[in-house]
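First comes the structure, then the notes that go with it.
Atoms within a ligand are numbered from 1 in the order they appear, just like the ligands themselves.
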Amino acid sequence: MSELSVDHLLGIKYLNKDDINLIFETADHFKEVINRPIKKVPSLRDITIANLFFENSTRTRLSFELAEKRLSADVVNFSAASSSVKKGETLIDTVNNILSMKVDMVVMRHPNPGAGVFLSSHVNASIVNAGDGAHEHPTQALLDSYSIRERLGEVGGKKIVIVGDILHSRVALSNIFALKLQGAEVKVCGPKTLIPKYIEKLGVKVETDLKKALAWCDIANMLRVQNERMEISYFPSTREYTQQFGVNRKLLDSLDKEIVIMHPGPINRGVEITSDVADSSQAIILDQVQNGVAVRMAVIYLLASKIKR
Ligand code: NCD
């Protein structure tokens with residue numbers, strides 16, 4: 001197979017296993033490219049991409065922009081804080097105005113779940129979801145699986161625990177879809193108040209004892225508590241959260257094996273993960289960031305090849 005089954009990347013939910021394999025094989029090639037002295041290929045010289053960020057982002061925005069530039073695409077950036085959205089313009093009007101300037105692809109982060117799906121049915125461009133509220137963050141899940149594959153050979157058959165604020169995390173949902181699709185075993189671990197009631201329907205198990213979860217897994221993906229999405233308190237205090245659901249050196253040393261530690265960033269050092277763990281060779285956090293560029297290059301390249309020009 002040399003083509004994706006989709007015209008947009010709206011969520012992992014819409015992909016199949018062949019799509020994921022194709023993205024990874026393409027990313028292997030681009031990873032080699034970005035480690036060359038000249039980190040650029042001319043593949044997308046005729047493509048213009050708009051990055052629309054209606055929500056804060058550091059890593060994801062930079063990573064998409066680098067990926068686009070390394071493919072030689074023309075890039076325009078837009079952030080909601082400095083735009084006419086503040087003057088009352090609708091999302092479709094904003095995007096159609098941008099598209100009338102002959103933009104081929106839109107990478108969008110938006111606080112509303114489903115914003116990418118909505119846009120894809122209303123405008124004529126290829127849409128990449130860079131995070132829609134607490135729903136999906138497909139490129140993060142792809143780069144996470146790609147990083148697991150790089151460190152442990154393959155994703156199928158591996159045991160992964162996702163720890164923390166599962167309820168508000170788009171990283172958790174996209175990871176669950178991606179990991180299950182590739183045949184991994186998944187558990188989630190966190191305060192009961194931060195685990196959605198439907199979660200077991202997705203084929204994952206719940207474990208509320210972090211030590212047991214760590215003893216079971218090959219990989220722990222530590223998530224940040226999404227305070228900005230909370231209107232009420234979901235646990236008594238940050239100190240108590242850290243005591244029950246934070247990883248530290250002592251806890252990891254008490255296990256009889258060395259597990260791999262992941263984190264999508266931004267890290268709250270000393271809350272979900274201590275610095276000695278985050279900065280150790282057991283953690284692949286910066287590999288995830290580096291792989292993000294190659295994986296996003298692959299996604300953009302494969303979607304661009306489906307645009308009729
Ligand atoms: C995540 C996000 O924005 O969903 N960050 C990222 O994209 N790397 C996770 C988070 O904000 O905690």
Review point. Do Phe30 and Tyr301 have ring centres separated by under 6.0 Å?
Key: yes

Study note, to complete from the structure: Looking at Gly133, Ser57, Gly265, the heavy atom closest to atom 6 (C) of ligand 1 belongs to Gly265

**Study point:** Pro264 near ligand 1 by a heavy-atom separation under 4.0 Å
**Key:** yes

Practice item. Tell me, please: is Glu55 in heavy-atom contact with ligand 1, that is, under 4.0 Å? Key: no

Practice item. Say whether, by atom type as modelled, one donor and one acceptor occur between the side chain of Glu136 and the main chain of Asp132 under 3.5 angstrom. Key: no

Review point. Taking the side chain from His135 and the backbone from Gly131, do they hold a donor-acceptor pair closer than 3.5 Å?
Key: no

Check your understanding: What atoms of ligand 1 come closer than 4.0 angstrom to any heavy atom of Gln140?
Key -> 6 (C), 7 (O), 8 (N)

Exercise for review: Please identify which atoms of ligand 1 are closer than 4.0 Å to at least one heavy atom of Arg59.
Suggested key: 8 (N)

Practice item. Could you go through the ring pair (Phe, Tyr, Trp, His ring centres under 6.0 Å) check for Tyr241 and Tyr234 one step at a time? Key: CA-CA 10 Å; Tyr241 178 88; Tyr234 286 81; over 10 Å; no

Quick test: of every protein heavy atom, which one is nearest to [atom], and how far off is it to 0.1 Å?
{"atom": "atom 7 (O) of ligand 1", "answer": "His137 NE2, 2.8 Å"}
{"atom": "atom 10 (C) of ligand 1", "answer": "Gln226 NE2, 3.3 Å"}
{"atom": "atom 3 (O) of ligand 1", "answer": "Arg170 NH2, 2.9 Å"}

Exercise for review: Find the distance between CG (Leu9) and OG (Ser126) and round it off to the nearest 0.5 Å.
Suggested key: 8.5 Å

Point to revise | Any N or O of Arg224 closer than 3.5 Å to N or O of ligand 1 | key: yes

Point to revise | Test: Arg296 cationic atom under 6.0 Å from Phe64 six-membered ring centre, within 45° of axis | key: yes

Review point. With a cut-off of 6.0 Å (strictly less than), are more than 12 heavy atoms of other residues, nucleotides or ligands near CZ of Arg239?
Key: no

Check your understanding: Is atom CG of Asn35 surrounded by more than 12 heavy atoms (other residues, nucleotides or ligands) closer than 6.0 Å?
Key -> yes

Check your understanding: Relative to ligand 1, is Val171 under 4.0 angstrom through side chain, backbone, both or neither, heavy atoms considered?
Key -> side chain

Review point. Quick one: does ligand 1 sit under 4.0 Å from the side chain of Arg109, the backbone, both or neither, non-hydrogen atoms only?
Key: side chain

